[in-house]
Amino acid sequence: MLEMLPYPSGALHMGHVRNYSIGDALARYMWMNGYNVLHPMGWDSFGLPAENAAIKNNTPPKEWTLSNIAAMKVQMKRLGFAYDWSREVTTCLPDYYRWNQWFFLKLYQSGLAYRKNSKVNWCPKCATVLANEQVVGGMCWRHEDTPVEQRELEQWFLRITKYADELLRDLEKLQGWPEKVRIMQQNWIGRSEGTLVDFDLGGTVGPAGSTITVFTTRVDTIYGATSVQLAPEHPIVTDLIARNAELRAQVEQLIAEQRRAKEAGDIGNIEKHGVFTGRYAKNPYNGEAVPVWVANYILMDYGTGAIMSVPAHDERDYEFAQKYKLEIRLVILPASTDPEETMTAPPLPFTPTDGILVNSGEFSGLGCEEAIARMSAMAEEKNFGKATVTFRIKDWGISRQRYWGTPIPMVYCEKDGVVPLAEKDLPVLLPDNVPITLAGGSPLASVPSFLNTTCPKCGGPARRETDTMDTFVDSSWYFYRYADAHNSGAPFDTATIAYWFPIDQYIGGVEHAILHLIYSRFWTKFMRDMGLVKNDEPVTRLFTQGMVIKDGAKMSKNLGNVVSPDDMVARYGADATRLYSLFAAPPDRDLDWQESGIEGIQRFLGRLYRFYLRNRQVRNSPQADNVPPTELSSEARSLQRKLHQTIKRVSHDFQGRWHFNTCIAAIMELVNEIYSAEEAIAGGRVPPSLILDVQRNIALLLAPMAPYLAHELWEMAGETGNLLKASWPKHDPALAAEDEIEIPVQVNGKLRGLVVVPAAASEDEIKQAGLADEKVKAAIAAKQIVKVIVVPKKLVNIVVR
RNA sequence: GCGAAAGUGGCGGAAUUGGCAGACGCACCAGACUUAGGAUCUGGCGGGUAAAACCGUGGGGGUUCGAGUCCCCCCUUUCGCACCA
């Protein structure tokens with residue numbers, strides 16, 4: 001049972017309290033059901049806020065982070081979450097991050113970590129690089145108002161794309177994950193099957209034989225291609241503008257437009273512009289030379305950065321062709337059972353894939369799908385293209401120009417170039433007393449004692465890599481460490497992992513649907529391939545809880561609507577705080593925090609407590625003197641029935657849908673029932689053994705959700721053993737059963753009366769009782785009964801005319 | 001634009017399979033206890049009516065003896081994706 005570990009910002013917020021209250025309730029429930037539950041906690045403790053705090057308060061990141069951890073641990077303990085602290089994982093400590101470095105070396109050896117000069121996302125506020133996943137709508141994921149810039153930098157990348165296909169395919173296996181998260185990952189991976197086709201530029205531009213390779217998912221429409229469109233940053237364009245000043249100016253404008261749109265996050269709405277290069281490229285299928293354009297709606301980082309433009313069968317191409325009066329050539333007709341329709345030209349652009357090819361040489365008459373297969377095969381045969389698969393997901397850039405992260409264990413030697421450290425030289429320790437600025441550039445580069453080292457290969461002078469790792473590296477495998485937290489010879493022991501993994505249940509916010517959860521899946525697959533783990537996936541079941549809302553908005557410091565857990569605990573107690581976070585909404589939905597709501601919970605707990613206080617003497621009653629149900633007073637029998645019904649309802653919700661709000665409501669109903677039986681209890685009409693039974697069971701039912709009070713009540717009921725080791729109660733169906741039930745009687749579907757019948761009444765008896773009801777009689781007087789519907793135990797409906 | 005989820009009293013939310021809509025809690029009203037009540041206990045509480053009738057689950061149609069629940073169309077909100085070739 002695992003909840004996502006927090007970033008140690010200094011204080012828990014209500015979102016954490018909710019997340020951990022859900023997880024703790026489930027862990028405790030599982031313990032009471034006899035399972036061996038591993039329920040750990042840790043700290044995702046590298047990252048930028050520690051550096052910001054260092055600047056602001058002049059406190060070293062390490063000090064700030066460790067004191068935050070200490071403070072938050074106190075908060076967690078106060079809330080009563082049952083974690084195994086002996087397995088605590090703190091990612092910023094060397095005994096953890098050394099294994100990040102170890103993994104990095106393994107990745108490097110496997111060719112999965114590599115260095116590349118590339119255009120990267122740069123957040124000026126963070127003064128560091130961001131992974132693609134950390135760019136949200138053109139903005140930094142941490143600074144919603146800061147546009148991400150593009151910079152050219154040399155960076156370390158992890159080859160997550162090697163697993164792109166498997167990451168996509170295995171989503172199928174994750175049936176215990178929310179559909180929504182699977183779809184988000186599927187979109188992120190963005191697999192697309194298509195064809196690469198070379199358009200020959202030979203004789204028209206550049207050196208003879210040079211080609212433009214386009215990527216298309218609709219090669220079947222290629223006879224309708226009337227131009228080729230290049231991304232403004234395409235290498236061929238770069239080459240062309242080097243020799244054409246006029247074109248250069250125009251292309252630069254396109255680039256600027258594209259960049260602006262990207263930064264504004266509305267690249268989807270960019271006004272399509274283009275410029276003709278004056279060159280032509282040859283369509284290898286029909287030998288036709290089509291004009292080559294540069295257009296701002298073509299992105300260099302998708303596919304090949306070049307497309308064939310088929311205006312008749314693509315919306316974007318259609319729009320573009322209309323604007324520039326390019327030829328629009330129809331090559332697909334609708335395939336319809338109606339021959340008339342098949343012959344008529346469809347409204348343009350016509351994009352379905354179930355049409356029939358026309359004007360397409362030898363391929364005319366084929367259906368689209370078959371045409372795609374045959375045309376791809378032909379391209380490969382004749383060596384001008386091939387079927388291919390592209391992905392939207394890119395390799396994971398992990399270099400960060402920051403101090404507070406895992407040092408990357410590589411050195412640069414003048415003689416030997418890039419050299420990995422040996423495993424025995426790990427960990428590369430993060431030095432203390434490093435001046436932190438947000439000036440940009442890696443802070444570690446300013447620390448000579450860190451920077452200057454010797455080459456592991458030749459022993460000559462070398463300098464260390466000064467970038468640190470993205471913190472998502474830390475969280476990609478932290479949960480494995482819980483299972484073997486003190487292993488100093490390996491990240492963990494494989495056999496131990498095989499016992500605990502995959503994680504049965506992981507709980508956290510949906511905001512990690514892509515970043516953390518896709519990196520973790522990648523990391524697991526890599527570890528499996530190196531033989532370190534046996535599972536293909538880290539997490540069998542994932543649950544994403546809703547946000548905590550106040551006054552209609554997500555709690556945030558900016559809006560000033562945060563509720564402090566410490567305040568709540570001080571005013572209402574830990575149990576009430578936890579219980580309210582479970583009661584106010586089902587866990588998958590957003591929760592609206594209302595101060596008056598938690599007061600109601602506190603009242604309920606008080607009511608419950610007073611019942612135990614008033615009836616302390618029952619603890620001495622012999623449990624064995626059970627009175628047969630038939631000999632109980634009606635008040636006692638009602639109470640007994642309600643008790644067993646409550647056990648049934650609470651157990652059911654714990655096993656199924658985790659609607660703790662209705663669990664708590666059920667226990668409240670039971671307490672209300674107790675209060676209505678108060679007089680009977682005082683009058684001695686409820687046997688002490690039954691009262692004691694009620695007391696013991698309520699303590700058990702409440703134990704997962706309100707542990708402090710539950711333990712106290714458990715003792716008040718005369719028990720001394722550990723409540724978590726007591727078994728979860730079972731209801732007795734016979735005792736839960738009603739003797740009599742109320743049956744609504746409808747006439748033509750409208751409620752007209754209520755009759756009380758024995759629970760075991762036959763259909764006919766129910767029907768007769770319904771027909772005999774005075775109100776019903778009145779409603780059907782002078783009407784003809786067409787039929788009578790009797791649903792056993794549910795209702796009677798009399799249809800009259 | 002595409003995809004998903006949601007829409008129920010004054011509020012948070014119940015109604016697990018088509019079967020008494022509004023459990024439970026909050027707020028509110030009344031009463032009891034009390035010097036006092038922001039404590040506690042009891043009762044009331046969708047709209048409407050003197051009481052009924054009747055009307056009520058975003059709107060409009062439909063299926064059914066019966067629809068919050070199933071089907072069709074539409075509206076609103078939230079989230080995700082968005083020239084992905």
Side-chain angles (χ1 to χ4, degrees), chain A residues 136-137 178-181 183-184 186-188 190-192 194-195 214-219 221 229 231 258 261 265-272 295-299 301-310 314-317 319-320 390-392 510-511 513-514 546-547 549 554 580 583-586 588-601 603-604 606-607 610 649 652-653 656-657 659 661-672 675-676 678 742-754 786-800:
Chain A
V136 180
E179 174 82 11
K180 178 189 165 117
V181 173
I183 289 172
M184 282 165 77
Q186 186 182 320
N187 291 341
W188 185 261
R191 185 178 197 275
S192 167
T195 312
V214 306
F215 174 72
T216 175
T217 55
R218 293 296 306 272
V219 70
T221 64
Q229 305 283 345
Q258 213 172 51
D266 63 348
I267 185 84
N269 300 324
I270 197 170
E271 160 109 36
K272 291 180 184 49
N296 64 353
Y297 71 97
I298 308 301
L299 309 171
D301 55 11
Y302 188 80
T304 58
I307 64 154
M308 62 176 197
S309 175
V310 185
D314 182 283
E315 275 174 39
R316 294 154 300 175
D317 296 345
E319 191 187 328
F320 191 84
T390 63
F391 290 92
R392 199 181 82 115
V510 74
E511 63 271 21
I514 295 180
M547 290 187 299
I549 302 285
K554 184 182 174 169
Y580 180 66
F583 178 70
D588 52 334
R589 269 212 250 167
D590 285 350
L591 180 152
D592 190 77
W593 191 273
Q594 293 183 351
E595 195 80 21
S596 55
I598 190 170
E599 286 170 16
I601 291 286
R603 226 159 8 226
F604 157 68
R607 237 163 111 78
R610 286 190 296 275
R649 280 177 65 184
H652 189 262
D653 264 328
R657 27 170 230 175
H659 279 203
N661 53 334
T662 58
C663 288
I664 296 164
I667 300 172
M668 286 172 168
E669 282 184 48
L670 174 58
V671 172
N672 291 344
Y675 272 69
S676 6
E678 191 77 344
E742 266 191 342
I743 300 281
V745 185
Q746 298 180 337
V747 175
N748 284 349
K750 298 208 168 186
L751 185 68
R752 285 293 179 259
L754 275 177
V786 181
K787 66 172 161 175
V788 179
I789 291 148
V790 179
V791 184
K793 293 182 194 275
K794 294 281 188 190
L795 65 35
V796 177
N797 190 6
I798 302 162
V799 185
V800 297

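In what follows, every heavy atom counts, from backbone to side chain, and hydrogens, waters and symmetry copies are set aside. A, B, ... follow the sequence lines: proteins, then strands. Residue 1 opens every chain.
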For the student: nearest non-hydrogen atoms of [X] and [Y], plus distance:
X        : Y        : answer
A:Met668 : A:Ile601 : CE-CD1, 3.8 Å
A:Leu795 : A:Ile743 : CA-CG2, 3.7 Å
A:Leu299 : A:Gln258 : CD2-NE2, 4.0 Å

Checklist entry - Would you call A:Tyr297 and A:Glu271 a side-chain contact if the rule is heavy atoms closer than 4.5 Å? => result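 No; the side chains remain at least 4.5 Å from each other.
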Next on the checklist: Are the side chains of A:Val747 and A:Val800 in contact, using a 4.5 Å heavy-atom criterion?
Outcome noted: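 They are in contact (side-chain heavy atoms under 4.5 Å apart), so the answer is yes.
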Quote, to the nearest angstrom, the [atom1] distance that separates [N] from [M].
N     : M     : atom1 : answer
B:A32 : B:G25 : P     : 23 Å
B:U77 : B:U17 : C1'   : 30 Å
B:U64 : B:C45 : C1'   : 34 Å
B:C75 : B:G61 : C1'   : 15 Å
B:U16 : B:G22 : P     : 13 Å
B:G58 : B:A5  : C1'   : 15 Å
B:A50 : B:G60 : P     : 27 Å
B:C28 : B:U76 : P     : 36 Å

What nucleic acid atoms does [X] come within less than 4.0 Å of, heavy atoms only: base, sugar-phosphate, or nothing?
X        : result
A:Arg649 : nothing
A:Ile298 : base
A:Asn672 : sugar-phosphate
A:Ile798 : nothing
A:Phe583 : base
A:Lys750 : sugar-phosphate
A:Glu742 : base
A:Asp653 : nothing

Picking from [options], which would you name as closest to the side chain of [X]?
X        : options             : answer
A:Leu751 : B:C20, B:A15, B:A14 : B:C20
A:Tyr297 : B:C83, B:C20, B:A82 : B:C83
A:Met184 : B:G80, B:C84, B:A15 : B:G80
A:Asn296 : B:A85, B:C83, B:C55 : B:C83
A:Met668 : B:A85, B:C24, B:G13 : B:C24
A:Ser596 : B:C26, B:A15, B:G13 : B:C26
A:Glu669 : B:A85, B:A23, B:U42 : B:A23
A:Arg589 : B:A23, B:C81, B:A14 : B:A14
A:Gln594 : B:C41, B:G12, B:A27 : B:G12
A:Leu299 : B:C24, B:C84, B:G12 : B:C84

Watson-Crick or G-U counterpart of [N], or none if no pair lies under 3.5 Å:
N     : result
B:A21 : none
B:A53 : none
B:A82 : none
B:G7  : B:C75
B:A30 : B:U42

Closer than 4.0 Å, any side-chain N/O of [X] to the OP1 or OP2 of [N]?
X        : N     : value
A:Arg392 : B:C83 : no
A:Arg752 : B:C20 : no
A:Arg191 : B:C84 : no
A:Ser192 : B:A85 : yes
A:Asn661 : B:A14 : yes

Checklist entry - Is there a donor and acceptor pair closer than 3.5 Å between the side chain of A:His659 and the base of B:U16? => result no
Whole angstrom is fine here: how far is it from [atom1] in [X] over to [atom2] in [N]?
X        : N     : atom1 : atom2 : result
A:Ile307 : B:C83 : CD1   : C1'   : 9 Å
A:Glu595 : B:C11 : CD    : C1'   : 15 Å
A:Ile601 : B:G25 : CD1   : C1'   : 7 Å
A:Ile743 : B:G66 : CD1   : C1'   : 15 Å
A:Ile667 : B:G25 : CD1   : P     : 13 Å
A:Tyr675 : B:C24 : OH    : C1'   : 16 Å

Checklist entry - Is the closest basic N to carboxylate O distance between A:Asp653 and A:Arg649 below 4.0 Å? => result no
Checklist entry - Would the number of heavy atoms belonging to other residues, nucleotides or ligands and lying under 6.0 Å from CD of A:Glu315 be above 12? => result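 12 or below, so no.
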Item to check | Cation-pi, A:Phe320 ring and A:Lys272 (6.0 angstrom, 45 degrees) | outcome: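 Not flagged: A:Lys272 not positioned over aromatic ring of A:Phe320.
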Item to check | Stepwise side chain to side chain contact (heavy atoms under 4.5 Å, CB included) check, A:Ile789 with A:Val796 | outcome: CA-CA 6 Å; A:Ile789 291 148; A:Val796 177; over 6 Å; no
Checklist entry - If you pin A:Gly749 and A:Arg603 to their nearest nucleotides in RNA chain B, which one's is more 5'? => result A:Arg603
Next on the checklist: Heavy atoms within less than 4.0 Å of RNA chain B: which residues of residues 787-797 of chain A have one? Give them sorted by number.
Outcome noted: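 Under 4.0 Å from RNA chain B: A:Ile789, A:Val791, A:Lys794, A:Leu795, A:Asn797.
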Item to check | Donor-acceptor pair between A:Asn187 and A:Arg392 side chains, under 3.5 angstrom | outcome: no
Next on the checklist: Within the 3.5 Å criterion, strictly below it, is a donor on A:Gln746 or A:Asn748 matched to an acceptor on the partner's side chain?
Outcome noted: no
Next on the checklist: Tell me if B:G7 is syn or anti. Syn = glycosidic torsion within 90° of 0, anti otherwise.
Outcome noted: anti
